[in-house]
Structure formats: C-alpha cells, structure tokens
Amino acid sequence: MEKDLDNFEDEDLGEFDKNLLDSDEGVESAPVIRDYSQRQILIWEEDDARREACLEVLTDLLVGATIKPVKTEAEALEQLENEDWDTFVVDFYSEGVSESEFIKRVNNYPGSILVAISMGPLTLPDERDPAKTELLRRLFDMDKPTAQLHG
C-alpha cells in the first residue's frame, strides 16, 4: 500500500501519531543543541599526532567554533598578539608548558579560559561516547564575554 506524498494531508496522520507529537515522551533523551559559532579556540600542542587528534575531537564536539592549532610556543604567542581568543587548550603533561611564557600571558588574558587536557589519549571514537563527550564539552561551556578580549 503506497501513499501519495504529494497530496499528503495532516488528516492522514493516524490518531497514534497525533498523540505522540503532543506528548513529552522522549524529550529527556533528545540531544541539547549548542551553538559554538562565536567561540575562538587556540590549541598549542607540539606533537603532530596529538595536535591533530585534539583538533579532530574538538571540531567534532564544538560544531561551528573557530579552532586554530599551533605547534610551537612562538606560533601560540604570535596568535595571542594578533587574534582575539576566548579559550586556550594545552596539555600540561607536555614538558615546559606549565612554566611557559605563553601560559603566563594566557593567565592574564581578559575574559578567557584555559583548558588543560591530556591530549595523549584523545581519540574520536572514544570521545563520541556520550559520557565522555559531556564531560569534555563542559570544559568549554561558558558564555563568551561581550567585552573586547584583546587590547
């Protein structure tokens, strides 16, 4: 039995379907839509594989965000001087990161957050696990400041 979809009318919905549309059943399980289009995120990671894995995971997780990965501290400092960022992502397990000039400047960067994560175990399949995804996403859920970030 085929329906003519070009002539489909609301009346064609069965009583069951109308009741389902009017109920709140299943609302709790619906994913929350988040807008990251205004986010500016800078990743500093010297290891190529870890940097690419972090970029891939965050791009998938923070849809719409502008994410720039850099390899060296010099590149990170240049980006800090030339662009406005609201979030900085580093791995404090990487040697020299925690006492770097970049971290000192980021700590004084107005209206920003510093997200320190271990990039070693980041893989896209693991990060698609809803439990892990939600924990990682919470690190980035903040309202973007309305004031200018870079003076």
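Residues Arg105 and Glu73 are not paired through a salt bridge, judged by the lack of any N-O separation under 4.0 Å between the basic side chain and the carboxylate.
Although no hydrogens or angles enter the test, the distance criterion places no donor-acceptor pair under 3.5 Å between the side chain of Arg39 and the main chain of Trp85. Side-chain atoms of Ser94 never come within 3.5 Å of backbone atoms of Val97 as a donor-acceptor pair (strictly under, hydrogens ignored). Within the 3.5 Å criterion, the main-chain N or O of Glu78 finds a donor-acceptor partner in the side chain of Asn82. A distance-only check finds no donor-acceptor pair linking the side chain of Gln79 to the backbone of Ala76 [under 3.5 Å]. Panel note: side chain Arg51, backbone Glu45; a donor-acceptor pair is recorded below 3.5 Å. Checked by atom type and distance alone, the side chain of Asp86 pairs as donor or acceptor with a backbone atom of Gln40 at under 3.5 Å.
Side-chain contact check for Tyr36 versus Leu61: every heavy-atom pair is 4.5 Å or farther apart. Using a 4.5 Å heavy-atom threshold, the side chains of Phe92 and Ile117 count as separate. Residues Asp91 and Cys54 have side chains not in contact (no heavy-atom distance under 4.5 Å, counting atoms from C-beta outward).
A distance of 6.5 Å separates OG of Ser118 from CZ of Arg50, quoted to the nearest 0.5 Å. With values rounded to the nearest 0.5 angstrom, Ile113 atom CD1 is found 4.0 Å from Thr87 atom OG1.
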Next item on the list: In sequence, state the C-alpha distance, the side-chain angles, and the governing distance for Leu114 and Tyr109, and then conclude on side-chain contact (heavy atoms from CB on, under 4.5 Å).
Entry: CA-CA 10 Å; Leu114 174 61; Tyr109 199 85; over 6 Å; no

Check: Step by step, would you call Phe140 with Val89 a side-chain contact (heavy atoms from CB on, under 4.5 Å)?
Finding: CA-CA 10 Å; Phe140 295 89; Val89 179; 3.7 Å; yes

Next item on the list: Could you check Phe88 against Asn107 for side-chain contact (heavy atoms from CB on, under 4.5 Å), going step by step and ending with a plain yes or no?
Entry: CA-CA 10 Å; Phe88 303 94; Asn107 282 329; over 6 Å; no

Notebook entry, point to check: Run the side-chain contact (heavy atoms from CB on, under 4.5 Å) check on Trp44 and Leu77 step by step: do they pass?
Noted result: CA-CA 10 Å; Trp44 170 32; Leu77 289 168; over 6 Å; no

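Within 6.0 Å of CD on Glu99 lie more than 12 heavy atoms contributed by other residues, nucleotides or ligands.
A side-chain contact (heavy atoms from CB on, under 4.5 Å) with Ile41 is found for exactly one of Thr66, Leu62, Thr59, Leu55, namely Leu62.
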